[in-house]
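Every chain is numbered from 1 and lettered A, B, ... according to where its sequence line falls, protein lines coming before strand lines.
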Amino acid sequence: MLARHEGGEFLLRIEDTDTERNRPELTTNMLDMLQWLGLKWDGEPTFQSDRGELYKAAAATLASGGHAYYCECTAEQVQARNKESGGKPGYDGFCRDRGLGPGPGRALRFRAPDDGETRFDDLIRGEVVVENRNIEDFVLLRSNGNPTFLLANIVDDADMQITHVLRGEEHLNGTPKYLLLRDALGFDYQPVFAHLPLLVNEQRKKLSKRRDDVSVADYKARGFLPEAMVNYLALLGWGPPDGVEVRPVEEMVPLFRIEDVSPSPALFDIKKLTFVNGEWIRMLAVDDFVQRAREFTDSPALEALAPLAQERVKVLDELPSYFDWVDGPAEDPKSWDKAMKLANAGEILDEITVAYTDAAWNRDELHARFMALAEKLGVSASKVQGPIRVATTGRMVGLPLFEVLEYLGQEETLARLRKARTRLA
RNA sequence: GCCCCCAUCGUCUAGUGGCCUAGGACACCACCCUUUCAAGGUGGCGGCACGGGUUCGAAUCCCGUUGGGGGUGCCA
């Protein structure tokens with residue numbers, strides 16, 4: 001798939017589409033992801049099937065030039081022969097000199113050199129040298145006629161004059177093959193290589209789609225901000241020279257140099273991502289926060305209490321638990337037990353359930369009366385708020401109590417307190 | 001098996017021969033602040049994998065060992 005940067009400054013080619021099955025939805029997902037992350041692009045995606053003739057021409061050049069040959073071995077046959085000769089994987093060159101022509105069931109293989117070495121410079125890893133005899137005869141054209149990734153890769157790169165080949169370390173081994181193909185095809189083409197470190201899981205294995213959480217859509221659904229995601233991703237394998245880690249991409253771009261990227265694998269640490277996300281949430285303008293928070297809660301109290309929630313939440317999907325008291329105290333037996341088992345829980349509720357009319361029902365007044373009550377009962381303020389909090393919101397933890405009570409209003413608050421008192425008795 | 005890559009606190013990193021008694025961030029712990037929880041503040045815990053060289057001097061350079069990862073597909 002191809003995507004051109006907005007300013008036309010560079011051409012980004014993303015190779016993710018299966019050349020054989022050619023599933024467009026993969027491309028669509030990727031474009032959605034890029035957009036969410038704020039990476040601009042334009043231009044229409046290009047599929048490999050649109051460029052088939054180019055690959056076939058290259059394959060023909062290779063075959064007629066003696067750089068490739070047809071092979072009718074099946075995977076099973078190769079495997080069986082390898083097993084017999086000592087279990088070494090890789091193609092054994094069985095059809096190398098059989099002079100087979102094209103035909104059904106026959107794949108085209110590259111004839112790798114028997115000697116010499118292939119070397120290249122990598123911005124991140126320095127010089128990499130591989131002896132050609134360690135490179136086996138890999139497939140160029142499948143028996144169904146479709147080109148493989150490697151062939152499409154070099155043809156596209158040379159054709160588009162790709163300047164920078166930046167990819168994961170898993171492609172490091174493929175690079176000598178890529179270069180061998182380039183030379184066999186006679187291309188005058190020399191990109192700059194940079195093989196980036198792999199992202200690994202807790203077991204230090206390469207992050208895989210099958211067993212790890214790698215879908216950006218999932219992080220989006222959980223309430224991670226794209227700003228935080230990009231920010232955190234940039235921190236893997238790299239650190240800003242001034243040490244300021246939480247900052248917008250625009251600020252990191254001028255600081256970033258691909259050659260400063262670390263060559264060793266990095267662990268994707270959800271804890272730090274969460275921290276960065278919390279920082280970004282707190283940096284949001286309140287109305288922006290409210291807008292984004294709306295995806296996660298439909299509470300009518302959101303607008304009124306947004307700044308208080310904004311300061312507490314690290315991931316947006318925590319929001320519901322901060323606002324589930326609006327229609328009545330949340331069901332949370334643990335909180336109830338913890339708060340109400342206090343010896344003087346009943347006494348606290350008795351004292352606080354008295355209405356007042358000599359002052360406005362607001363945070364400051366509630367606070368003042370609450371403090372007076374704590375002093376009167378000779379109990380710490382933090383102890384006193386427990387029963388009240390649970391009686392009104394159902395939970396032991398949550399937004400600051402008096403703001404919540406102010407929002408609830410005197411009538412509703414007192415009703416909840418009395419109800420709790422009855423239940424307690 | 002073979003080939004390639006990698007190796008600083010638990011994690012992400014700074015460090016490119018003396019500014020290193022190895023710095024920062026996350027996490028963790030303690031204290032402060034405080035109506036809960038957060039946020040904020042202060043402090044703490046914690047690392048150059050090992051062994052040889054080179055050098056007046058090595059986390060930094062070289063070699064080896066060990067450990068980890070990747071590749072070894074008619075996947076990309």
Exercise for review: Using atom CZ of A:Phe193 as one end and atom P of B:C4 as the other, report the distance to the nearest whole Å.
Suggested key: 17 Å
Check your understanding: So, A:Asp218 and A:Arg222, do they make that salt bridge, N to O below 4.0 Å?
Key -> no
Exercise for review: Step through it carefully: locate the ring centre of A:Tyr91, locate the ring centre of A:Phe138, and say whether they are under 6.0 Å apart.
Suggested key: no
Exercise for review: Check the distance between B:G70's C1' and A:Asp122's CG and give it to me in whole angstrom.
Suggested key: 14 Å
Exercise for review: Among the candidates B:C37, B:G70, B:U35, find the nucleotide nearest to the side-chain atoms of A:Tyr322.
Suggested key: B:C37
Practice item. Looking at every strand, decide which applies to A:Lys383 at a 4.0 Å heavy-atom threshold: base, sugar-phosphate, or nothing. Key: nothing
Revision key, fill the gap. Separation of B:A14 atom P from A:Trp238 atom CH2, nearest Å, is 10 Å
Exercise for review: Check every atom of B:G71, B:C37, B:A25 against the side chain of A:Asn173 and return the nucleotide holding the closest atom.
Suggested key: B:G71
Sequence neighbours excluded and cut-off under 3.5 Å, please list the side-chain donor-acceptor pairs for residues 278-286 of chain A, or say none.
| residue | atom | partner | partner atom | Å |
| --- | --- | --- | --- | --- |
| A:Glu279 | OE2 | A:Arg282 | NH1 | 3.0 |
| A:Trp280 | NE1 | A:Asn231 | OD1 | 2.9 |

Review point. The side chain of A:Met371 lies closest to which of these nucleotides: B:A27, B:G40, B:U35?
Key: B:U35
Check your understanding: Is there a donor on the side chain of A:Arg125 or the base of B:C5 sitting less than 3.5 Å from an acceptor on the other?
Key -> no
Practice item. Using the C1' atom as the reference point in each nucleotide, state the distance between B:C6 and B:A49 in Å, no decimals. Key: 13 Å
